Amino acid sequence: MLPADRRLRTSADFAAVLRRRGRVSASAHLLIVHANRLPGRENLPSRVGFVVGKNVGNAVLRNRTKRRLREQCRARLALLVDGTDYVVRAQPAASGAPSSALGSALDAALADLSARGGERR
RNA sequence: AGAGUCGGCCAGACGGUCGCGUUCCGUGGCCCUCGUCGGCCACGGGCCGAGGAACGUCCGGACUCCACAGGGCACGGUGGUGGCUAACGGCCACCCGGGGCGACCCGCGGGACAGUGCCACAGAGAGCAGACCGCCUCAUCGCGUGCGGUGAGGUAAGGGUGAAAGGGUGGUGUAAGAGACCACCAGCGGCCUGGGUGACCAGGUCGGCUCGGUAAACCCCACCGGGAGCAAGCCCAGAUAUGCGUGCGUUCGACGGCGGCCCGCCGGAGCACGCGGGUAGGGCGCUCGAGCCCGUCGGCAACGGCGGGCCUAGAUGGAUGACCGUCACCGCGCGCAGAGCAAUCGGCGCGCGGCACAGAAUCCGGCGUACCGGUCGGCUCUUCCC
RNA sequence: UGGGGUAUGGUGUAAUUGGCAACACUAGUGAUUCUGGUUCACUCAUUCUAGGUUCGAGUCCUGGUACCCCAG
């Protein structure tokens, strides 16, 4: 899984990431990813948070979806940019999708993000 | 063998790789009010890590804080009896009523001579009953001489309406009838005897002859209930502005204890609303408890006593996951050989698919609800064999 | 955690103390018209669900399901 200090832990952090721009929806029926560089965290490792709403399913389904997403993110920690916080929002279809599909959706979103970042810089 | 009924248990198993959370040990680093159990961080290793319903939140408690002069009126809950329990609206046993051939199942199961209300439509009449048709008597009129009309009465046996029409059957009796009277039966009430802790049951005797339903309508009776809830509550660190406005108050008493109201008692100088300002970090509570397992004793049982053993999740954007392998289990398809006249049946192999309901958040005892299935046992009925 | 409420044709709402489930719009069918509109008539209900009380339940009681609101 993902260590606690690499996850978003407070409601304020989530709000800060979601409020600013930086949304990429790769395979929109599965995931929506938000990414933002928050001031004051430039040299700290990146963090990831997950949002799994009630439209995904009951508590068992929501928890399992969150765990599988965390596992996929753990395998891709090296791809994340330091100082950037991510929020992954699960769509209803994510609960039934195989983990490989979730992983490739994450890859696509991260590739899209790095391409955009290159353009802006 | 088939059909059924009741109850208990399980909730796929084993292994590999990479991870997460609590906690312990070791190594290293940093900090200080230097501790040989100080705090924090990193790495390595070890133990442990969701459920029978963790769920819904429908009841009951433990625990914590507040309140504990009292009285009255309300309010809510429960409702056969006896027991179990910390307690309960739960459980066990029994009683009564209903269903089933039976095992067994279902029941908010106190009171309708304390009172009030309601019983639509239909029907003559619906609650200290009621003459529409009918039946009978008398008077009178008519004629076709035993029938019809009219009037005055008697009558609850019959018809019809209704969920329900004030016992049932048979007889005596009568103008026709009627518990008016008699016998038996059903039911009600009183008394006596026996059994049972009791609800109640069985039997006997006497009585007036019969008394509607509805309290999941108001109500009456008995019993129970102080309030709030782990975001309870306690501690540490830290920030800001006893700021501004309005209203009510300072022994003519606001407000609070006090939950709904009243009386009364106690505290009592602030209280309520709006605007504005600040914070939203950490720790304890937090898991050893009416605990679980085994044995034994008491009890029909629920349950309890005694002895021995065990320690079994504590997260806080919230930890038990991801990817595989092997073997079980279920369904479908194909193949192989077999049993049988046949429908079909089980066995082996291969492939594909499936493997429920559902995720702890202070903790227990219940209830209710969801659920693929598997397994064990008790009992009942039917059929066959010995 | 505590408290309160709602569910009725496809949609939005009614239904005095229990007594034939009503209204508007929409949809469908038919009539009127050369056609369409308008108008008229008819059709469309497991009263959320499972039981119970009662002669009789949308209404009363119990359990369940879904949704909404309030306080912290």
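The sequence lines fix the lettering, A, B, ..., with proteins before strands; numbering per chain opens at 1. This one's a predicted model, so the numbers in the text were calculated from it and none came from an experiment.
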> So, is B/G45 syn or anti if syn means the angle is within 90° of 0?
Replying inline: anti
> Is there a Watson-Crick or G-U wobble partner for B/A13 with both distances under 3.5 Å, and if so, which one is it?
Replying inline: B/U326
> If you round to the nearest 0.5 Å, how far is CD of A/Q72 from OG of A/S104?
Replying inline: 9.0 Å
> Start at the 5' end of RNA chain B and walk down; is the nucleotide closest to A/V52 or to A/S100 reached first?
Replying inline: A/V52
> Would B/U383 be called syn or anti, given that syn covers angles within 90° of 0?
Replying inline: anti
>> Syn or anti for B/A313? Use the chi torsion, O4'-C1'-N9-C4 for purines and O4'-C1'-N1-C2 for pyrimidines, with syn inside 90° of 0.
In response: anti
>> I'd like the C1' distance from B/U362 over to B/G229, given in whole Å.
In response: 11 Å
> B/G317 C1' sits how many Å from A/R47 CZ, rounded?
Replying inline: 12 Å
> What integer number of Å spans the C1' atoms of B/C306 and B/C230?
Replying inline: 38 Å
> Can you find a pair of side-chain heavy atoms, one from A/C73 and one from A/Y86, that are under 4.5 Å apart?
Replying inline: no
> For C/U49, which nucleotide is its Watson-Crick or G-U wobble mate, given both distances must be under 3.5 Å?
Replying inline: C/G63
> Under 4.0 Å: is that the gap between some side-chain N or O of A/R70 and OP1 or OP2 of B/A319?
Replying inline: yes
>> What's the gap between B/U210 and B/C104 when it is taken at their P atoms, as a whole Å value?
In response: 45 Å
> Rounding to a whole Å, what distance do you find between A/H34:NE2 and B/G317:C1'?
Replying inline: 16 Å
> Excluding sequence neighbours, so at least two apart, what forms salt bridge (Lys or Arg N to Asp or Glu O under 4.0 Å) with A/R76?
Replying inline: A/D107
> How many Å lie between CZ on A/R76 and P on B/A322, as a whole number?
Replying inline: 15 Å
> How far, in whole Å, is B/A302 from B/C293 if one measures between their P atoms?
Replying inline: 15 Å
>> Strictly by Watson-Crick or wobble contacts shorter than 3.5 Å, is anything paired with B/U382, and which nucleotide is it?
In response: B/A1
>> Please classify C/U54 as syn or anti, treating any glycosidic angle within 90° of 0 as syn.
In response: syn
> A/F50 CZ to B/A319 P: how many Å, rounded?
Replying inline: 12 Å
> What is the distance from CG of A/L102 to P of B/G321, rounded to the nearest Å?
Replying inline: 17 Å
>> If the glycosidic angle sits within 90 degrees of zero it is syn, else anti. Tell me which applies to B/U287.
In response: syn
> Which one is paired to B/G35, where only Watson-Crick or G-U wobble pairs with both distances under 3.5 angstrom count?
Replying inline: B/C32
> For B/G130, what is the paired nucleotide under Watson-Crick or G-U wobble rules, both distances under 3.5 Å?
Replying inline: none
> Nearest-Å distance, NZ (A/K66) to C1' (B/G21)?
Replying inline: 15 Å
> Whom does B/C118 pair with, Watson-Crick or G-U wobble, provided both distances fall under 3.5 Å?
Replying inline: B/G213
> Say you draw a straight line from CG of A/L31 to CZ of A/R89; how long is it, rounded to the nearest 0.5 Å?
Replying inline: 11.0 Å
> When the C1' atoms of B/C284 and B/U64 are considered, how many whole Å apart are they?
Replying inline: 13 Å
> What integer number of Å spans the P atoms of B/G267 and B/A69?
Replying inline: 13 Å
> For the residue pair A/R62 and A/V52, what are the closest heavy atoms and their distance?
Replying inline: CD-O, 3.6 Å
> C1' atom, B/G366 versus B/G90: distance in rounded Å?
Replying inline: 5 Å
> Whom does B/G144 pair with, Watson-Crick or G-U wobble, provided both distances fall under 3.5 Å?
Replying inline: none
>> Distance check, P atoms only: B/C47 and B/C355, in whole angstrom units.
In response: 33 Å
> Salt bridge between A/R74 and A/E71, side-chain N to carboxylate O under 4.0 Å?
Replying inline: yes
>> Applying the Watson-Crick and G-U wobble criteria at under 3.5 Å, what pairs with B/C94? Answer none if nothing qualifies.
In response: B/G80
>> Tell me the interatomic distance from A/E71, atom CD, to B/U320, atom P, rounded to whole angstroms.
In response: 10 Å
>> Expressed as a whole number of angstroms, how long is the span from A/R62:CZ to B/G318:C1'?
In response: 12 Å
> For the atom pair OG1 (A/T65) and CG (A/L102), what is the distance rounded to the nearest 0.5 Å?
Replying inline: 8.0 Å
Identify the pairs formed between an N or O of the protein and an N or O of nucleotides 357-360 of chain B at a distance under 3.5 Å, and give each distance.
| unit_1 | atom_1 | unit_2 | atom_2 | d |
| --- | --- | --- | --- | --- |
| B/A358 | N6 | A/R64 | NH2 | 3.4 |

